[in-house]
Protein chains: 2
Amino acid sequence: MALHTKEQLTAVIKSAGLRLTDHRLAILATLARVKQPVTVYELVDTLRKKENIDQATVYRNLTSLHEAGLLRRLDFNHGHAHYELETGEASHQLVCNSCETVEKIEGISIDSAVQKMLKRSKKFKNATTHSIEIYGVCKHCA
Amino acid sequence: MALHTKEQLTAVIKSAGLRLTDHRLAILATLARVKQPVTVYELVDTLRKKENIDQATVYRNLTSLHEAGLLRRLDFNHGHAHYELETGEASHQLVCNSCETVEKIEGISIDSAVQKMLKRSKKFKNATTHSIEIYGVCKHCA
DNA sequence: TTTAAATATGCAAATTATTTGCATATACGT
DNA sequence: ACGTATATGCAAATAATTTGCATATTTAAA
Ligand SMILES: [Mn+2]
Ligand SMILES: [Mn+2]
Ligand SMILES: [Zn+2]
Ligand SMILES: [Zn+2]
């Protein structure tokens, strides 16, 4: 699931039932390379250096990849979306209230507590993903 | 901290260092009455039935109340903001991927796990709030 | 391989959510 | 009551995202 090689990316796209296009490959490859959730603006900017691609295409592909379950979408209350690869694991991050930087926190599981929440509310059987955001002021802005 | 009476709302606004206006009172009162995080559109719609208020005024007041720490802002990846009273406690909700309904989950604390996350990342000293969203498909949409 | 239908793309224009400029009105300390 | 800072309405501007449409590409079938 490392999603490094072009073959892996290709396989993931196809097994998701999506058509294989250069743009889709490039979008996935970029997200696989980057460590933080990326904004659409950043993604378009990055992709445009390598290929001719329109923002509408990026938006449409992000939506289809997300609907196929390959991407996770996050907001952070920034007024714009951020995307990252969907790993199936929980996504945790620290969000600075001042500069809006986002820092991913790895290696901590809150799954048991989340499972408790899910059981408490019996109505949500098919819960898929969850995300936890902690809002505060980062070291740099403090 | 129930924020029911007009006196309580007034006190909260003034002690936040904000001027007392009818609009601010009405906005806070509405948010105190509603159980779920509310969209700006819903809020404007509700307020317009009682008083003459412009959306710009609502946006400006939501921002000032939020900056004063009285409101919490949530996104849920809906492309628009939602607001609720800031209780100081964590805010947990189930978000349906299909119909976008939001269900608040009360009475469960994940604070210990969140504190662990905060310690793990020493850089975030002044963390204020956190929110956990669980995305899935609600009973009605399943 | 062609071929045809389904899907993807670029480009421009449209929508939605949110913000801002500016003239006037209101809040509140003095 | 007065003066200044802040709030408001209204219209216009921005920012994020979506959509229409003509053309290009993908893919499965022939
Ligand atoms: Mn951002
Ligand atoms: Mn919503
Ligand atoms: Zn910061
Ligand atoms: Zn639903």
Side-chain angles (χ1 to χ4, degrees), chain A residues 6 9-30 37-68 70-71 73-83 100 102, chain B residues 6 9-30 37-68 70-71 73-83 100 102:
Chain A
K6 188 172 179 180
L9 296 172
T10 298
V12 173
I13 291 175
K14 296 213 130 187
S15 56
L18 296 175
R19 290 189 176 187
L20 183 65
T21 70
D22 289 347
H23 290 333
R24 261 185 202 139
L25 265 179
I27 289 172
L28 267 196
T30 301
V38 101
T39 65
V40 180
Y41 180 85
E42 292 166 340
L43 192 51
V44 169
D45 193 52
T46 300
L47 293 168
R48 281 245 171 95
K49 287 167 183 163
K50 293 279 184 181
E51 59 200 295
N52 186 317
I53 187 172
D54 190 78
Q55 58 167 221
T57 301
V58 175
Y59 274 105
R60 284 189 275 232
N61 275 317
L62 287 172
T63 299
S64 59
L65 291 167
H66 177 242
E67 286 175 351
L70 300 185
L71 301 184
R73 185 186 164 134
L74 301 164
D75 260 25
F76 309 127
N77 287 318
H78 287 183
H80 51 247
H82 307 70
Y83 289 89
E100 295 201 342
V102 175
Chain B
K6 187 172 180 178
L9 296 172
T10 299
V12 174
I13 291 175
K14 298 212 127 186
S15 57
L18 296 174
R19 290 190 176 185
L20 183 66
T21 70
D22 290 346
H23 291 333
R24 262 185 200 138
L25 265 179
I27 289 172
L28 267 195
T30 301
V38 100
T39 66
V40 180
Y41 179 86
E42 292 167 340
L43 192 52
V44 169
D45 193 51
T46 299
L47 293 168
R48 281 246 171 94
K49 286 168 182 162
K50 293 280 183 179
E51 60 200 293
N52 185 319
I53 187 171
D54 190 78
Q55 58 166 222
T57 301
V58 176
Y59 274 105
R60 284 189 275 233
N61 274 318
L62 287 172
T63 299
S64 58
L65 290 168
H66 177 242
E67 286 175 351
L70 300 185
L71 302 184
R73 185 187 163 132
L74 301 164
D75 260 26
F76 308 128
N77 289 316
H78 287 184
H80 51 247
H82 307 71
Y83 289 88
E100 293 201 342
V102 175

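Here the structure is a predicted model, which is why all the values come from computation and not from measurement. Residue numbers start from 1 in every chain, and the chains themselves are labelled A, B, ... in the order their sequence lines are given, proteins ahead of strands.
At least one side-chain heavy atom of B/L47 sits under 4.5 Å from a side-chain heavy atom of B/I27. At least one side-chain heavy atom of B/L62 sits under 4.5 Å from a side-chain heavy atom of B/V40.
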| note | Readout for nucleotides 16-29 of chain D: B = base within 4.0 Å of protein heavy atom, S = sugar-phosphate only, - = neither; 5' to 3' it is SBBBB-----BS--

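Every residue meeting the side chain to side chain contact (heavy atoms under 4.5 Å, CB included) condition with A/A56, not counting sequence neighbours, appears here in chain and number order: A/D54, A/R60. Take A/F76 and apply the ring-ring contact (aromatic ring centres under 6.0 Å, His included) test, not counting sequence neighbours, and it matches A/H78, A/H82. By the ring-ring contact (aromatic ring centres under 6.0 Å, His included) test, A/H66 pairs with no residue at all, sequence neighbours left out. Under the side chain to side chain contact (heavy atoms under 4.5 Å, CB included) criterion, A/E67 pairs with A/T63, sequence neighbours left out. Applying the side chain to side chain contact (heavy atoms under 4.5 Å, CB included) rule to A/D75 yields the partners A/R73, A/A81, B/D75, B/N77; only residues at least two apart in sequence or on another chain are considered.
Between C/dT9 and A/N52, no contact under 4.0 Å exists linking OP1 or OP2 to a side-chain N or O.
B/L25 places its CG atom 11 Å from the P atom of C/dA27, with the value rounded to the nearest Å. In this structure, B/L65 atom CG and D/dT8 atom C1' are separated by 15 Å, rounded to whole Å. Between the NE2 atom of B/H66 and the P atom of C/dT19 there is a distance of 12 Å, rounded to whole Å. Counting to the nearest Å, the P atom of D/dT6 and the NE2 atom of B/H23 are 18 Å from each other. As a whole-Å value, the separation of B/R24 CZ from D/dG9 P is 12 Å. At whole-Å resolution of the value, CG in B/N61 and P in C/dT18 are 15 Å apart. A straight line from CD1 of A/I53 to P of C/dA8 spans 13 Å, rounded to a whole angstrom.
Helix-axis bend for the helix from C/dT1-D/dA30 to C/dT30-D/dA1: the local axis fitted to the five terminal pairs at one end deviates from that at the other end by 40°, rounded to 10°.
Among pairs with a residue in residues 38-48 of chain A, those fulfilling salt bridge (Lys or Arg N to Asp or Glu O under 4.0 Å) read A/D45-A/K49, at least two apart in sequence or across chains.
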Show every donor-acceptor pair shorter than 3.5 Å between a side-chain atom in residues 16-24 of chain A and any protein atom, with sequence neighbours excluded, or say none if there are none.
residue	atom	partner	partner atom	Å
A/T21	OG1	A/R24	N	3.1
A/H23	ND1	A/E51	OE1	2.8
A/R24	NE	A/N61	OD1	2.9
A/R24	NH1	A/R19	O	2.8
A/R24	NH2	A/N61	OD1	3.4
A/R24	NH2	A/S64	OG	3.4

